[in-house]
Amino acid sequence: MSLLARLHRMNAELSQGENDPWRRALERALPGHVMCTSTVALLALLDFPVTSGNARRLARTMRSMGWVGIKSRKLAPGGWRGTECRGWSRPVRELKKDARHACHAPHS
């Protein structure tokens, strides 16, 4: 296996699962009572610049941790009308896997 192929494989392994360094840092730094936070705040917590590449990397990690992406005015300081901010929220309840098909189920 070539060096480049090994590097790609190692990068894919790091971006998934428990070996993700961003995931470990977020699990240590985020208190359990935090229900929602902004992407900008999380990147500041990790001490990374706010770029679209870092936001996409953060998105993969947050989804793997079970968080849900949101747009909210509450996350922006003084948020009102046109000040929407992207961020993350813990799910309020677990979704059923077959929720999409529930409305198509025959009634008995």
Side-chain angles (χ1 to χ4, degrees):
M1 181 180 283
S2 71
L3 176 62
L4 187 58
R6 283 188 290 176
L7 286 174
H8 285 297
R9 188 185 77 210
M10 288 173 59
N11 189 24
E13 289 172 0
L14 282 176
S15 67
Q16 298 176 4
E18 298 297 322
N19 295 328
D20 186 2
W22 285 31
R23 181 179 180 138
R24 288 192 307 262
L26 287 168
E27 286 174 344
R28 281 192 309 263
L30 278 173
H33 69 276
V34 172
M35 292 306 291
C36 62
T37 185
S38 71
T39 298
V40 174
L42 289 173
L43 288 173
L45 182 70
L46 294 172
D47 199 27
F48 281 101
V50 180
T51 64
S52 59
N54 285 340
R56 284 192 299 266
R57 174 73 168 85
L58 178 68
R60 276 195 312 258
T61 302
M62 293 302 285
R63 280 191 298 269
S64 75
M65 292 171 60
W67 288 65
V68 179
I70 59 170
K71 283 197 298 188
S72 174
R73 291 187 182 128
K74 293 179 183 179
L75 297 178
W80 189 71
R81 292 210 177 166
T83 57
E84 284 188 346
C85 182
R86 292 184 182 265
W88 297 92
S89 176
R90 293 184 197 264
V92 177
R93 59 180 154 75
E94 293 291 323
L95 296 176
K96 294 181 182 178
K97 291 184 180 181
D98 294 324
R100 295 177 297 162
H101 304 291
C103 63
H104 300 293
H107 299 300
S108 48

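Taking all atoms of both residues into account, the shortest heavy-atom contact from Leu43 to Val50 is CD1-CA, 4.0 Å. Shown here for Pro21 and Arg57, the closest heavy-atom pair between the two residues is CD-NH2, 4.3 Å.
Sorted by first and then second residue, the pairs that involve residues 21-63 and meet ring-ring contact (aromatic ring centres under 6.0 Å, His included), not counting sequence neighbours, are Trp22-Phe48.
Residues passing the side-chain contact (heavy atoms from CB on, under 4.5 Å) test with Val68, sequence neighbours excluded: Pro91. Evaluation of the side-chain contact (heavy atoms from CB on, under 4.5 Å) rule for Ala41 yields Thr37, Ser38 as partners, not counting sequence neighbours. With sequence neighbours excluded, no residue forms a side-chain contact (heavy atoms from CB on, under 4.5 Å) with Ala44. Partners of Arg28 by side-chain contact (heavy atoms from CB on, under 4.5 Å), not counting sequence neighbours, listed by chain and number: Arg24, Ala25. Partners of Ser2 under the side-chain hydrogen bond (donor to acceptor under 3.5 Å, both in side chains) rule, at least two apart in sequence or in another chain, do not exist in this structure. Under the rule for a ring pair (Phe, Tyr, Trp, His ring centres under 6.0 Å), Trp67 has no partner lying at least two apart in sequence or in another chain.
Atom-to-atom distance recorded for Met62:CE and Ser89:OG is 9.5 Å, nearest 0.5 angstrom. Between the CG atom of Leu58 and the CZ atom of Arg63 there is a distance of 9.5 Å, given to the nearest 0.5 Å. Rounding to the nearest 0.5 angstrom, the gap separating the CH2 atom in Trp88 from the CE atom in Met65 is 10.5 Å.
Remark: side-chain polar atoms of Arg86 are not paired, donor with acceptor, to backbone N or O of Thr39 under 3.5 angstrom.
Using modelled atom types and a 3.5 Å distance limit, the side chains of Ser64 and Arg60 yield no donor-acceptor pair.
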